[in-house]
Amino acid sequence: MVTMMRPTLLILLFSTFLPQILTVDPPLPPSNGSDFIRLACNTTLYPDLCFSTLSSFANSIQNDSNRLARVAISLTLHNTLQLLSYLQNAYNRDHPTPVLRDCFENLKDAVDGMRGSMKQMKELVSASGSIESFRFQMSNVKTWLSAALTDEYTCTDGFKDVHEDDSIKDDVCSRVDDVKKLTSNALALVNRYADESIIN
C-alpha cells in the first residue's frame, strides 16, 4: 500500500527548498579571451581598433597579458611590412622624392624597432624570478616600440610642407596613420603587461 503524502507537507517541503533552487548561480560560459581582450583594450588610445584587430586571436591569447602584448606587436609589425611594401611598389619609382625616400627609411627603422621589441619579449625573464632583470628588459621593449612610433611620426611630419601632389601625400599619411594607431596600442598593452607583472 502506497502512503500518500499530505498536500500541506508537500507545500512545506517545496517552500523550504525553493529559495535554494532559485539562488543557484547558472554555470558561466567558458572564456575564450574576448572579455579579457576588451578589458585590456580599454587601456589603449584606440580601444575599438584594438579589439577589432586582436579579438580574432582570442582563443590563443586567452587571459595571458604577455601573449596579448606579443600578438599586438606581431600584428603591428606585419601591417608595417605590408605598408612598406605597398609604398615602395606604388611610389618608389626611378627617382622617388626626398620626402618619400625619407619616409621609406623611417618605416624601415620602425620595423627594426618592432623586431627588437618582439625579440626582447620572447626572451623575457619572469618578474617573479628577477624583478630587476624584468624591468630592464621591459624598458628595452618600450624603448624599441617608442622609437618605432617616433619613426612613423617622422615619416608623416615630412609631408607637412609638401604641396606638389596632395594625392600621394594623403595616401601615404593616411596609411601611416593607421600603423601609428596599431603601434600606440601595442605600446599601451606592453605597458599594461609590465605594470601588471610587477604588481603581481
Side-chain angles (χ1 to χ4, degrees), residues 33 36-37 39-47 49-57 60-88 99-159 172-200:
F36 171 76
I37 294 173
L39 181 64
C41 283
N42 285 338
T43 65
T44 70
L45 288 177
Y46 311 99
L49 174 67
C50 176
F51 184 75
S52 65
T53 54
L54 295 174
S55 58
S56 60
F57 301 96
S60 61
I61 291 171
Q62 292 297 318
N63 297 326
D64 190 327
S65 294
N66 176 287
R67 193 172 297 165
L68 175 62
R70 282 190 285 124
V71 170
I73 297 171
S74 179
L75 181 71
T76 304
L77 173 59
H78 173 75
N79 278 269
T80 307
L81 286 170
Q82 283 193 325
L83 170 62
L84 189 56
S85 176
Y86 165 79
L87 294 179
Q88 288 179 322
V99 68
L100 274 172
R101 188 162 51 245
D102 289 344
C103 181
F104 297 151
E105 293 305 314
N106 287 321
L107 289 177
K108 289 177 183 177
D109 289 342
V111 165
D112 289 341
M114 293 171 200
R115 283 176 171 157
S117 64
M118 193 65 173
K119 181 175 183 292
Q120 187 71 89
M121 284 292 290
K122 291 178 179 178
E123 297 172 352
L124 278 179
V125 173
S126 172
S128 60
S130 172
I131 191 66
E132 292 81 11
S133 295
F134 178 80
R135 281 177 171 162
F136 175 75
Q137 290 177 312
M138 289 309 301
S139 176
N140 288 339
V141 175
K142 295 175 188 179
T143 298
W144 282 114
L145 278 181
S146 295
L149 190 56
T150 298
D151 290 327
E152 292 156 8
Y153 271 97
T154 302
C155 168
T156 53
D157 286 346
F159 284 90
V172 173
C173 290
S174 174
R175 292 174 185 274
V176 176
D177 282 344
D178 290 340
V179 169
K180 285 181 193 175
K181 294 174 183 178
L182 292 175
T183 309
S184 171
N185 282 348
L187 180 57
L189 294 174
V190 164
N191 283 324
R192 179 181 183 275
Y193 166 66
D195 293 343
E196 177 185 90
S197 298
I198 292 172
I199 292 171
N200 294 336

| message | Any non-hydrogen side-chain atom of Thr154 less than 4.5 Å from a side-chain atom of Asp109? | response | no

| request: Could you tell me whether the side chain of Ser85 and the main chain of Gln82 form a donor-acceptor pair under 3.5 Å? | output: no

| Test salt bridge (charged side-chain N to carboxylate O under 4.0 Å, His left out) applied to Asp177 - qualifying residues, sequence neighbours left out | Lys180

| field | Any residue meeting salt bridge (charged side-chain N to carboxylate O under 4.0 Å, His left out) with Asp64, in chain and number order, not counting sequence neighbours | value | Arg67

| query | Is the shortest distance from a Lys or Arg side-chain nitrogen in Arg135 or Glu132 to a carboxylate oxygen in the other one below 4.0 Å? | reply | no

| Contact list for residues 145-157, test salt bridge (Lys or Arg N to Asp or Glu O under 4.0 Å), sequence neighbours left out | Asp157-Lys160

| note | The reported gap from CG in Asp112 to CH2 in Trp144 (rounded to nearest 0.5 angstrom) is 7.5 Å

| task | Output every pair passing salt bridge (Lys or Arg N to Asp or Glu O under 4.0 Å) with a member in residues 136-146, not counting sequence neighbours, ordered by first then second residue. | result | none

| query | Is any side-chain heavy atom of Val172 less than 4.5 Å from a side-chain heavy atom of Cys103? | reply | yes

| field | Check: Tyr153 and Val176 side chains under 4.5 Å, non-hydrogen atoms | value | no

| said: If I take atom OG from residue Ser56 and atom CZ from residue Phe51, how far apart are they, to the nearest 0.5 angstrom? | reply: 9.5 Å

| Once you round to the nearest 0.5 Å, how far does CG of Asn79 lie from CG of Asp178? | 8.5 Å

| said: Less than 4.5 Å apart, side chain to side chain, heavy atoms only: is that true for Leu81 and Leu77? | reply: yes

| request: Measure across Val190 and Val141 and return the closest heavy-atom pair with its distance rounded to 0.1 Å. | output: CG1-CG1, 3.7 Å

| message | Once salt bridge (charged side-chain N to carboxylate O under 4.0 Å, His left out) is applied, do any residues pair with Arg115, and if so which ones, sequence neighbours excluded? | response | none

| query | What distance do Thr183 atom OG1 and Leu75 atom CG have between them, rounded to the nearest 0.5 Å? | reply | 10.0 Å

| Does Glu123 offer a backbone N or O that forms a donor-acceptor pair with the side chain of Gln137 under 3.5 Å? | yes

| request: Taking the side chain as every heavy atom from C-beta outward, state whether Tyr193 and Met121 have any pair of such atoms under 4.5 Å apart. | output: yes

| note | Sorted by chain and number, sequence neighbours left out, side-chain hydrogen bond (donor to acceptor under 3.5 Å, both in side chains) with Ser65 holds for Arg192, Glu196

| message | For a quick test of reading the model, state the closest non-hydrogen atom pair linking Leu54 to Ile61 and the distance between them. | response | O-CD1, 4.1 Å

| said: Side chains of Leu45 and Lys181, heavy atoms from C-beta outward: is any pair under 4.5 Å? | reply: no

| With sequence neighbours left out, what residues match Tyr86 under side-chain hydrogen bond (donor to acceptor under 3.5 Å, both in side chains)? | Asp171, Arg175

| query | Which residues satisfy the side-chain hydrogen bond (donor to acceptor under 3.5 Å, both in side chains) test with Thr44, sequence neighbours excluded? | reply | Asn185

| note | Those residues at least two apart in sequence (or on a different chain) that pass salt bridge (charged side-chain N to carboxylate O under 4.0 Å, His left out) with Arg70 are none

| note | One should read off an interatomic distance between Leu145 CG and Asn140 CG, to the nearest 0.5 angstrom, of 11.5 Å

| field | Sub-4.5 Å side-chain heavy-atom contact between Leu182 and Thr53 | value | yes

| field | Pairs touching residues 76-85 that satisfy salt bridge (Lys or Arg N to Asp or Glu O under 4.0 Å), sequence neighbours left out | value | none

| field | CG on Leu189 to CG on Leu68, rounded to 0.5 Å | value | 5.0 Å

| Hey, are the side chains of Ser197 and Leu124 touching, using non-hydrogen atoms and a 4.5 Å cut-off? | no

| task | Grab the two heavy atoms, one from Ala194 and one from Phe134, that are nearest each other, plus how far apart they are. | result | O-CE2, 4.0 Å

